[in-house]
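None of the values given here were measured: they were computed from a predicted structure. The first residue of the sequence shown is numbered 1, and numbering continues consecutively from there.
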Amino acid sequence: MAFKNFSLFFSIFFLVVSIFVGSTSSNAVEIALPSSFHPTGGHWVLLQPSVGVSAMHMQVMKNNKVIIFDRTDFGPSNLSLPRGNCRHDPNDTALKVDCTAHSLLYDIALNTFRPLTVQTDTWCSSGAVSPNGTLIQTGGYNDGINKLRTFTPCDDDQCDWTELPETLTNKRWYASNHILPDARIIVMGGRYSFTYEFVPKNLINGKRSQQNYFMNFLKETRDLQEENNLYPFLHLLPDGNLFIFANKRSILLDYNTNRVLKEYPVIPGEDKRNYPSTGSSTLLPLVLTGFGNGTRLPDAEVLICGGSPPGAFTMSDKHRVFLQASRSCGRLKLTDPAAKWVMEEMPMPRVISDMLILPDGDIIMINGAMNGTAGWEDATNPAYNPILYKPNEPEPGKRFEVLNPTKIPRMYHSAAVLLPDGRILVGGSNPHTVYNFTAYPFPTELSLEAFYPHYLNPEFSHLRPSVIYMDPKDNIVSYGQMFTVTFSLHVYRPDPGMSVSLIAPSFSTHSYAMNQRMLVLDVPHVEYYYPFSYRITAYGPPSATVAPPGFYMLFIVNRGIPSSAFWVQVK
Ligand SMILES: *[C@@H]1O[C@H](CO)[C@@H](O)[C@H](O)[C@H]1NC(C)=O
Ligand SMILES: *[C@@H]1O[C@H](CO)[C@@H](O)[C@H](O)[C@H]1NC(C)=O
Ligand SMILES: *[C@@H]1O[C@H](CO)[C@@H](O)[C@H](O)[C@H]1NC(C)=O
Ligand SMILES: *[C@@H]1O[C@H](CO)[C@@H](O)[C@H](O)[C@H]1NC(C)=O
Ligand SMILES: *[C@@H]1O[C@H](CO)[C@@H](O)[C@H](O)[C@H]1NC(C)=O
Ligand SMILES: *[C@@H]1O[C@H](CO)[C@@H](O)[C@H](O)[C@H]1NC(C)=O
């Protein structure tokens, strides 16, 4: 009781302090925490029993809203469009006049949503957010296969999808995107497209080039019958080159000269890692601690987990036999000239799982199955338990932890994203060609759930920093320049090892979080400011190759407990 009053006292105190300093620059959303909480294994909350659309694709936007969408060409969804907004598409293969929405905007703070109108087919498409916060969304199927769409976030609930008149030069169905240091977006691969291209298109002598670039690697890594190289994993390295992983192989590409700079060793073992043998991949956090505002580049390491053995797709698709998914993860230090895969075993096999970086630098794998592959009706044995991977734990046997299970299977066409408040938003699951709510055992899932990792346990509230304001007040993080964040903390002394992290929000679909990236910034000092309030100084990332320009979630982490993030613009 005494502690509660103490907290209340300081909360009021900080409110007064923040009014006094005239702070408005924190755009963090604070959420109510569940009262009963498992001490370590995390907590699940059903946010919405049905949003009417199955979440095949998700992107968190800079105004704390999440854009969610499915495909348009398989009949009605369970979310109506506002009157008079029906989509008339003579080319649609299922419904020529469709009065239901296939996309929506979810408000994180209010837990509400509104329908959006996407015009062309976004099935198995890709996306990336441009530096000004507009989502650039590419490709799909049918009438959408070479389309470009944008969504610019707004504060008045009026914004919607825009279809651009220009198109992609190739068909992009199951392609991957990455934002580049010069603000272009690279769009790579897709079914039968062994090329990449840029959005916006290259300017050559002041003219837009229609060019796309052939890439033999995409052709070579395609298995006959099974593919196993779709949605290739792309990660931008700190030197600006692009790491590309497909099937079992990986290369480093200089996309400016269309030159393959090196091929990395083949990942050991038989398992395939890309669609339909869908594993997951992430760059581990890029650590800039101790770098000051020098131009030294951090090391980069990739983690790839799960997938399926060769032949698994044919076995499930043709013979209804669901082979056990891959149990292994590989880590490869991409910046090491003699890079070698280090393999580890997960506590369970996993396929079609989402892999996300948490603000404390740990990695979570969530959603997916333990047998089979991606594809219609091609997986079984849901992986209800997320798993945590602690990349910095020195003892390999202690890196994995099995977390608390959900009750809802999240199979093919489910998705997950990290929210600025530290929760994981989970939605979707529809392994069928239409919405089917009676399909057994995996009905089409329209619900949204949140997973609360252990750090959101209210027991840690006294360790959780709460951001008051940032300086500069426009929340801009400039390359190599210092900035400060003032925050409150209900303990006497912050941990001297506190960190400031930036996380780029990912475009998540098909178990791949495109553009996901975490930077642990250099923190020269933390100072006492007011009673129970502190000021932390950090250096912005050194360059656009380390952190492409755009909006990032900024977290302050004290003894492993992150604040709610607020949005900053890196430029
Ligand atoms: C979807 O809509 C159908 C038809 O109105 C209804 O029967 C079903 O319960 C709804 N399902 C969900 C999950 O919203
Ligand atoms: C339908 O497809 C045809 C042929 O591809 C195209 O010319 C036409 O513009 C499309 N119509 C719509 C409404 O998308
Ligand atoms: C943001 O950038 C995109 C892509 O470059 C552009 O299409 C859009 O018009 C820009 N939006 C604003 C509001 O400036
Ligand atoms: C999953 O794979 C294991 C190992 O091959 C097998 O024993 C089990 O029967 C499979 N489960 C299902 C539900 O197919
Ligand atoms: C939905 O699933 C049930 C059970 O698997 C099946 O009998 C039915 O044909 C499916 N409906 C559609 C429209 O595919
Ligand atoms: C490095 O930081 C110091 C202190 O903020 C600043 O004076 C200096 O201009 C910075 N150097 C570069 C290269 O940005």
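- Atoms CE and OH, from M514 and Y231 in turn, are 5.5 Å apart once rounded to the nearest 0.5 Å.
- Panel note: side chain R423, backbone P453; no donor-acceptor pair is recorded below 3.5 Å.
- Between the side chains of R172 and T167, not a single donor N or O lies within less than 3.5 Å of an accepting N or O.
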Steps toward side chain to side chain contact (heavy atoms under 4.5 Å, CB included) verdict (V129, I179): CA-CA 7 Å; V129 177; I179 180 82; over 6 Å; no

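- Shown here for M61 and F151, the closest heavy-atom pair between the two residues is CE-O, 3.8 Å.
- Under the 4.5 Å side-chain criterion, counting only non-hydrogen atoms from C-beta, N367 is not in contact with S511.
- Looking only at atom types and distance, the side chain of T134 has a donor-acceptor partner in the side chain of T152 under 3.5 Å away.
- The distance from atom OG1 of T117 to atom CG of D98, rounded to the nearest 0.5 Å, is 11.0 Å.
- Residues K65 and D107 come closest through the heavy atom pair CE-OD2, 3.3 Å.
- A cation-pi contact, defined as under 6.0 Å to the ring centre and within 45° of the axis, is absent between R149 and W161.
- In this pair, Y452 and H43 present their aromatic rings perpendicular. The plane angle is above 60°, beyond the 30 to 60° band.
- Salt bridge absent: E163 and K147 never bring a charged side-chain N and a carboxylate O closer than 4.0 Å.
- In this structure, G279 and F233 approach most closely via the heavy-atom pair O-CZ, 3.6 Å.
- Once rounded to the nearest 0.5 Å, the distance linking OG1 of T150 with CD1 of I136 reads 6.0 Å.
- Rounding to the nearest 0.5 Å gives a distance of 9.5 Å between CE of M518 and CG of L418.
- Looking at N381, its side chain never comes within 3.5 Å of a backbone N or O of A369 through a donor-acceptor pair.
- Checking N436 against T438 by side-chain atom types alone, a donor-acceptor pair falls below 3.5 Å.
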Trace of the side-chain hydrogen bond (donor to acceptor under 3.5 Å, both in side chains) decision for E449 with T406: CA-CA 9 Å; E449 281 174 292; T406 174; 2.6 Å; yes

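- Between H102 atom NE2 and T120 atom OG1 the span is 11.5 Å, to the nearest 0.5 Å.
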Let's go through F37 and L456 carefully: what are the C-alpha distance in whole Å and the side-chain angles of both, what is the deciding distance for side chain to side chain contact (heavy atoms under 4.5 Å, CB included) to 0.1 Å, and is it a yes or a no? CA-CA 9 Å; F37 207 101; L456 289 173; 4.2 Å; yes

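- When the options L116, V53, L79 are evaluated for a side chain to side chain contact (heavy atoms under 4.5 Å, CB included) with S103, the one that passes is L116.
- Among all heavy-atom pairs drawn from P349 and A325, the shortest one is CB-O, 3.2 Å.
- Ring orientation note: the planes of F243 and F245 are tilted relative to one another, at an angle of 30° to 60°.
- Residues I408 and S429 fail the side-chain proximity criterion, which asks for heavy atoms closer than 4.5 Å.
- Between C305 and Y389, the closest side-chain pair of non-hydrogen atoms is not below 4.5 Å.
- Checking side-chain atoms of Q48 against main-chain N and O of N111 turns up a donor-acceptor pair under 3.5 Å.
- With hydrogens and angles left out, the side-chain atoms of W567 and N63 include no donor and acceptor closer than 3.5 Å.
- Listed for the H413 side chain is no donor-acceptor partner under 3.5 Å among the backbone atoms of G428.
- Annotation: K219, atom NZ; neighbour count of heavy atoms from other residues, nucleotides and ligands within 6.0 Å does not exceed 12.
- Under 4.0 Å is where a charged nitrogen must lie from a carboxylate oxygen, and between K272 and E226 no such pair does.
- For the residue pair S414 and E445, no side-chain donor N or O sits within less than 3.5 Å of a side-chain acceptor on the partner.
- Among the candidates Y174, W123, W173, the single residue satisfying the ring-ring contact (aromatic ring centres under 6.0 Å, His included) test with H510 is Y174.
- The main-chain N or O of N170 is found under 3.5 Å from a side-chain atom of E197 such that the two form a donor-acceptor pair.
- Remark: H432 engages no residue in a ring-ring contact (aromatic ring centres under 6.0 Å, His included) (not counting sequence neighbours).
- The side-chain heavy atoms of N515 and S506, taken from C-beta on, include no pair separated by under 4.5 Å.
- Interatomic distance, CG of L448 versus CE of M58, reported as 6.0 Å (0.5 Å rounding).
- A donor-acceptor contact shorter than 3.5 Å is absent between the side chain of D70 and the backbone of M56.
- Annotation for I304 and S281: closest pair CG1-OG, 3.5 Å, computed over non-hydrogen atoms.
- In this structure I186 satisfies the side chain to side chain contact (heavy atoms under 4.5 Å, CB included) test together with H178, L180, M188, Y196, F198, L234, L242, Y255, sequence neighbours excluded.
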Before you tell me yes or no, could you show the steps for Y435 and N430 under side chain to side chain contact (heavy atoms under 4.5 Å, CB included), namely the whole-Å CA-CA distance, both residues' side-chain angles and the distance that decides it to 0.1 Å? CA-CA 7 Å; Y435 278 13; N430 183 23; 3.5 Å; yes

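- At least one donor-acceptor pair closer than 3.5 Å links the side chain of N229 to the backbone N or O of L218.
- Contact annotation: the side chain of T282 never approaches that of S280 to less than 4.5 Å [non-hydrogen atoms, C-beta and beyond].
- Using a 4.5 Å heavy-atom threshold, the side chains of Y512 and N274 count as separate.
- Looking only at side-chain heavy atoms (C-beta outward), L323 and S308 stay at 4.5 Å or farther from each other.
- Ion pair R410/D354 not flagged as a salt bridge, since none of the NZ, NE, NH1 or NH2 atoms sits closer than 4.0 Å to an Asp/Glu carboxylate oxygen.
- Q569 contributes no side-chain N or O that, together with a main-chain N or O of D474, makes up a donor-acceptor pair within less than 3.5 Å.
- For S126 (side chain) and S176 (main-chain N/O), no donor-acceptor pair under 3.5 Å exists by modelled atom type.
- In plain terms, the two heavy atoms of P386 and W44 that are nearest each other are CG-CZ2, 3.7 Å.
- Here disulfide (SG to SG under 2.5 Å) pairs that include residues 112-149, with residues two or more places apart or in two chains, number zero.
- Looking at V417 and P505, their side chains never come closer than 4.5 Å, going by heavy atoms from C-beta outward.
- Looking only at distances, a side-chain donor or acceptor of S564 sits under 3.5 Å from a matching main-chain atom of V29.
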Before you tell me yes or no, could you show the steps for L356 and F451 under side chain to side chain contact (heavy atoms under 4.5 Å, CB included), namely the whole-Å CA-CA distance, both residues' side-chain angles and the distance that decides it to 0.1 Å? CA-CA 12 Å; L356 297 170; F451 179 71; over 6 Å; no

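- Between the side chains of D143 and N91, no donor N or O sits under 3.5 Å from an acceptor N or O.
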